[in-house]
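Structure record follows, encoded as structure tokens.
Bear in mind that the values here come from a model prediction, so they are computed numbers and not experimental data.
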Amino acid sequence: MWEWIGGSAGSAQGALIADGRRSALADFAHASAFGGRLEELRGRCVLLATSDQVSAALALIELDGVARRLVLCPPDLSAAHLPMVIAEAGAETCVHTAVPAAAPAATAPAAALPAVPVQSELLPTPLERRASHATEWILLTSGTSGPPKLVVHTLASLTSAFAQRHAASAGRRAADASAASEVGGAAGAAHEAAAAPVWSTFYDIRRYGGLQILLRALAGATLLIDSSRAALPERLARAGAAGVTHLTGTASHWRAVLMSGAASRVAPRYVRLSGEIADQGILDALRAAYPQARIAHAFASTEAGVAFEVQDGYAGFPAAWVGAGQAPGGVAQLRIADGSLRVRSAGTAARYLGSAAPALRDAEGFVDTGDRVELREGRYYFLGRSGGIINVGGLKVHPEEVEAVINAHPWVRLSRVRARRSPITGSLVAAEVVRAEHGPGPAPSDAELSAQLQERCRGALAAHKVPAVVQFVPSLPLSAAGKLVRSDA
């Protein structure tokens, strides 16, 4: 990766910002977060199990091309699943966050493995960076219904969605440096800083969505990493103070931003949603909140990679993108089979890892994403996951379709639709709703809002999809990946 972001000539651009510290990418030419122990990891299968995102980011930059295999442990990985991950990946060494000398001794996340600590900052270190291995990157799926799957990527597959743009930006670096020199002094530095994007994300960089943002930022930009547990208004204020221009998250993340009362503390030029269905309501709300920004929603998964990005302001994606070579706005070929979206691209993972791992691709190289889509008036719309369907008397209901109608109400912050057992139909549709703190006009009572939501659903959905029960709750749980946690009734 060091060669990819700038190489030993010191031409790397951009920086990582976290906890008030700025780590310039060019500093990797003469500094390290491993305190002189990087060579101990050469050719090894490394389990990356840091306690924070900053040390993870520094380790990833240094270990690509050095380690034979990198296994990224997300912060919510269950301890019960860790032995399986170690065994299936063949992990030989654990990299964990260095413990300050004044702190009590801590047990490494994988105590059975030899451990090498990594700092959360770069320290001057004499070294010569060299690549000796084509490192495999092992990412874990969310594993919400069981043990996670281990997905094999390479740096090439992880960066395929923006590799061409990175190459072009690398070609402009000399010209940018010359322009900055002509402008002169501090003014020239300001000119360069203004031109470079400043990224930030609500995702964790140890999962696919966050890792994508880290890698995009390393392509000549700056990334603000905020892994604090501070309240959302404080995090948005920090992003605004850092001059964040590009901000990404799930639809649930963005709903929380819009309802926080602090959305104006950041003024991004680019707003991106992925990881959950981006319905028309959230897209319109973001357009109203950030009229100066480009609003985009993308489809990606750990296995399929980045399939496409939609920038026309509408939910779903054009039907013309399916089966016609590469989709505009993306780098993938798309196919619909049995109502499920399938993807093939250079960003698709190579395989699942493990002794009994299933096949990741079909015979033609397509990955079945498990995401159901429906064609309406020349556009495909996402309905939900194949495994999340509610069966009401033999009729199918996708929870996300009902949630999109409910979430469009101005007095709704978030909703979750789930099955509730029924002795007559087997299941019926129930909705849990978090009320918005503010809205137009006087706040409706719970009874009034419940009636309004059911009336909205009756006007937009088939009768069997209308919630039979609406329950108001103070909050709904989000996973570590920022997605709405779903469970059986």
Side-chain angles (χ1 to χ4, degrees), residues 1-2 4-5 16 18-19 21 23 25 27-28 31-79 81-101 103 105-125 127 129-140 148 150-155 158 204-208 210-211 214-215 218 223 225 227 353 480:
M1 188 192 294
W2 171 239
W4 185 75
I5 64 176
L16 301 177
D19 302 326
R21 289 196 299 267
S23 299
L25 299 183
D27 290 347
F28 281 93
S32 173
F34 281 101
R37 298 186 64 180
L38 180 63
E39 285 301 316
E40 296 178 33
L41 302 170
R42 190 170 296 278
R44 309 289 286 174
C45 177
V46 176
L47 185 82
L48 185 62
T50 62
S51 60
D52 66 272
Q53 295 190 74
V54 183
S55 57
L58 299 178
L60 289 172
I61 294 170
E62 296 203 60
L63 286 172
D64 182 71
V66 173
R68 174 174 55 85
R69 178 177 286 170
L70 270 172
V71 186
L72 280 66
C73 292
D76 58 335
L77 176 64
S78 168
H81 294 149
L82 187 57
M84 179 275 293
V85 171
I86 292 172
E88 296 289 11
E92 300 165 305
T93 307
C94 174
V95 165
H96 64 89
T97 308
V99 178
T107 303
L113 298 175
V116 173
V118 61
Q119 305 286 334
S120 57
E121 61 181 320
L122 292 174
L123 300 175
T125 306
L127 78 170
R129 296 205 177 276
R130 63 184 179 89
S132 58
H133 291 76
T135 304
E136 288 185 331
W137 295 55
I138 312 302
L139 278 70
L140 275 58
L150 280 63
V151 183
V152 181
H153 274 282
T154 63
L155 185 62
L158 290 169
D204 191 288
I205 65 167
R206 291 160 289 190
R207 286 204 179 279
Y208 184 84
L211 183 60
L214 170 66
L215 294 173
L218 293 177
L223 174 66
I225 299 176
S227 55
L353 194 66

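Of all heavy-atom pairs spanning Ala18 and Val54, the tightest one is CB-CG2, 3.2 Å. Counting all heavy atoms, side chain and backbone alike, Val116 lies closest to Glu40 at CG2-OE1, 3.8 Å. The two residues Cys94 and Ala49 come nearest to each other via the heavy atoms SG-CB, 4.2 Å. Closest approach of Leu48 and Ala56 over heavy atoms only: CD2-O, 4.0 Å. Residues Pro148 and Leu77 share a closest heavy-atom pair of CG-CD1, 4.1 Å.
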Apply side-chain contact (heavy atoms from CB on, under 4.5 Å) to the pair Val71 and Ile86, showing each step before the final yes or no.
CA-CA 9 Å; Val71 186; Ile86 292 172; over 6 Å; no
Check step by step if side-chain contact (heavy atoms from CB on, under 4.5 Å) holds for Arg129 and Ser32.
CA-CA 10 Å; Arg129 296 205 177 276; Ser32 173; 4.2 Å; yes
Starting from the C-alpha separation in whole Å, work towards a yes-or-no answer on side-chain contact (heavy atoms from CB on, under 4.5 Å) for Leu155 and Leu215.
CA-CA 9 Å; Leu155 185 62; Leu215 294 173; 4.2 Å; yes
Under the side-chain contact (heavy atoms from CB on, under 4.5 Å) rule, what do Phe34 and Leu41 come out as? Steps first, then yes or no, please.
CA-CA 10 Å; Phe34 281 101; Leu41 302 170; 3.6 Å; yes
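Glu62 places a side-chain N or O within 3.5 Å of a backbone atom of Ala33 that can act as its donor or acceptor partner. Side-chain atoms of Thr125 never come within 3.5 Å of backbone atoms of Gly36 as a donor-acceptor pair (strictly under, hydrogens ignored). Counting only distance, with no hydrogens or angles, the side chain of Arg69 and the backbone of Gly90 share no donor-acceptor pair below 3.5 Å. Judged by distance alone, with hydrogens and angles left aside, the side-chain atoms of Thr97 form a donor-acceptor pair with the main-chain N or O of Ser51 at under 3.5 Å. A side-chain donor-acceptor contact under 3.5 Å links Thr135 to the backbone of Gly65.
Proximity of Ser120 to Asp19: side-chain heavy atoms (C-beta onward) are nowhere separated by under 4.5 Å. Side-chain contact between Leu47 and Leu82: present, with at least one pair of heavy atoms (C-beta onward) separated by less than 4.5 Å. Here the side chains of Cys45 and Glu136 are not in contact, with every heavy-atom distance at 4.5 Å or above. Residues Val151 and Leu353 have side chains not in contact (no heavy-atom distance under 4.5 Å, counting atoms from C-beta outward). Considering only heavy atoms from C-beta on, Arg44 stays 4.5 Å or farther from Val95 through its side chain. By the 4.5 Å heavy-atom criterion applied to side chains, Pro117 and His96 are counted as neighbours. Residues Thr50 and Arg206 have side chains in contact (heavy-atom distance under 4.5 Å, counting atoms from C-beta outward). Looking only at side-chain heavy atoms (C-beta outward), Leu72 and Ile205 stay at 4.5 Å or farther from each other.
Remark: Leu218 CG to Leu60 CG distance equals 9.0 Å, nearest 0.5 Å. Distance CE/Met1 to CG/Leu214: 6.5 Å, rounded to 0.5 Å. Atom CG of Leu58 is separated from atom CZ of Phe28 by 5.0 Å, given to the nearest 0.5 angstrom. Taken to the nearest 0.5 Å, the CH2 atom of Trp137 stands 5.5 Å off from the CG atom of Leu211. Note that CZ of Arg42 and CZ of Arg130 are 3.5 Å apart. Values are rounded to the nearest 0.5 Å. Atom CD1 in Ile61 sits 6.0 Å away from atom CG in Leu25 (nearest 0.5 Å).
Remark: Asp76 pairs with Arg207 by the salt bridge (charged side-chain N to carboxylate O under 4.0 Å, His left out) rule, at least two apart or across chains. Scored by the salt bridge (charged side-chain N to carboxylate O under 4.0 Å, His left out) test, Glu92 finds Arg68 as partners (sequence neighbours excluded). Listed by chain and residue number, nothing satisfies the salt bridge (charged side-chain N to carboxylate O under 4.0 Å, His left out) test with Asp64 (two or more places apart in sequence, or in another chain).
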